[in-house]
Undergrad: 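I am attaching a structure below and will ask some questions about it afterwards.
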Amino acid sequence: MSKGVTVEDQVKEALELIRPAIQMDGGDIQLASVRDGTAVVQLYGACEGCPISPVTLKQGVERLLKEKVPGITEVIAVEA
């Protein structure tokens with residue numbers, strides 16, 4: 001890993017891997033912050049209020065970020 005790449009940068013890069021699938025369903029995702037191993041994201045569009053978005057968040061986004069970004073232990077969503 002090159003010097004100067006932050007955890008936030010790594011999370012944003014990993015989110016780009018899952019973003020196309022989320023956008024195909026009419027939603028979007030953006031990183032709000034990273035603190036103490038927790039990535040805080042905002043869901044937009046069709047994801048807001050979707051009953052399946054908690055599953056997408058935990059089974060998709062959280063799984064991917066834990067796999068791709070060392071130190072990430074949890075992903076939570078905040079209201080846009």
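Numbering starts at 1 and runs along the sequence shown.
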Undergrad: Taking atom CD of Glu8 as the centre, does the number of heavy atoms from other residues, nucleotides or ligands within less than 6.0 Å exceed 12?
TA: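 Count over threshold, so yes.
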Undergrad: Go through the structure and list residues passing side chain to side chain contact (heavy atoms under 4.5 Å, CB included) with Thr38, not counting sequence neighbours.
TA: Val40, Glu74, Ile76
Undergrad: Using the rule side chain to side chain contact (heavy atoms under 4.5 Å, CB included), only one of Ile72, Leu17, Thr73 pairs with Leu65; which is it?
TA: Ile72
Undergrad: Who passes side chain to side chain donor-acceptor pair (under 3.5 Å) against Gln59, sequence neighbours left out?
TA: none
Undergrad: Where do Gly60 and Ile18 come nearest, in terms of heavy atoms and distance?
TA: C-CD1, 3.7 Å
Undergrad: To the nearest 0.5 Å, tell me how far Gln42 CD sits from Glu48 CD.
TA: 8.5 Å
Undergrad: Check whether any side-chain heavy atom of Val61 sits under 4.5 Å from a side-chain heavy atom of Ile22, and report yes or no.
TA: yes
Undergrad: State, to 0.1 Å, how close Gln30 and Leu15 come at their nearest heavy-atom pair, and which atoms those are.
TA: C-CD1, 4.5 Å
Undergrad: Taking only residues two or more places apart in sequence or in another chain, which ones pass side chain to side chain contact (heavy atoms under 4.5 Å, CB included) with Lys12?
TA: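 Side chain to side chain contact (heavy atoms under 4.5 Å, CB included) check on Lys12 returns Leu31.
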Undergrad: Which atom names give the shortest non-hydrogen contact between Ser53 and Cys50, and what distance separates them?
TA: OG-O, 2.9 Å
Undergrad: Excluding sequence neighbours, so at least two apart, what forms side chain to side chain contact (heavy atoms under 4.5 Å, CB included) with Asp25?
TA: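 For Asp25, no residue satisfies side chain to side chain contact (heavy atoms under 4.5 Å, CB included) once neighbours in sequence are set aside.
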Undergrad: Assess whether side chain to side chain contact (heavy atoms under 4.5 Å, CB included) is satisfied between Ile29 and Thr56, documenting all intermediate values.
TA: CA-CA 11 Å; Ile29 188 168; Thr56 300; over 6 Å; no
Undergrad: Testing the basics here: between Gly4 and Asp9, what is the closest heavy-atom pair and its distance to 0.1 Å?
TA: O-OD2, 3.9 Å
Undergrad: Mind checking whether Val41 and Leu57 have side chains closer than 4.5 Å, heavy atoms only?
TA: yes
Undergrad: Does Arg19 have any salt bridge (Lys or Arg N to Asp or Glu O under 4.0 Å) partners at least two apart in sequence or in another chain, and if so, which?
TA: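 Residues passing salt bridge (Lys or Arg N to Asp or Glu O under 4.0 Å) with Arg19: Glu16, Asp28.
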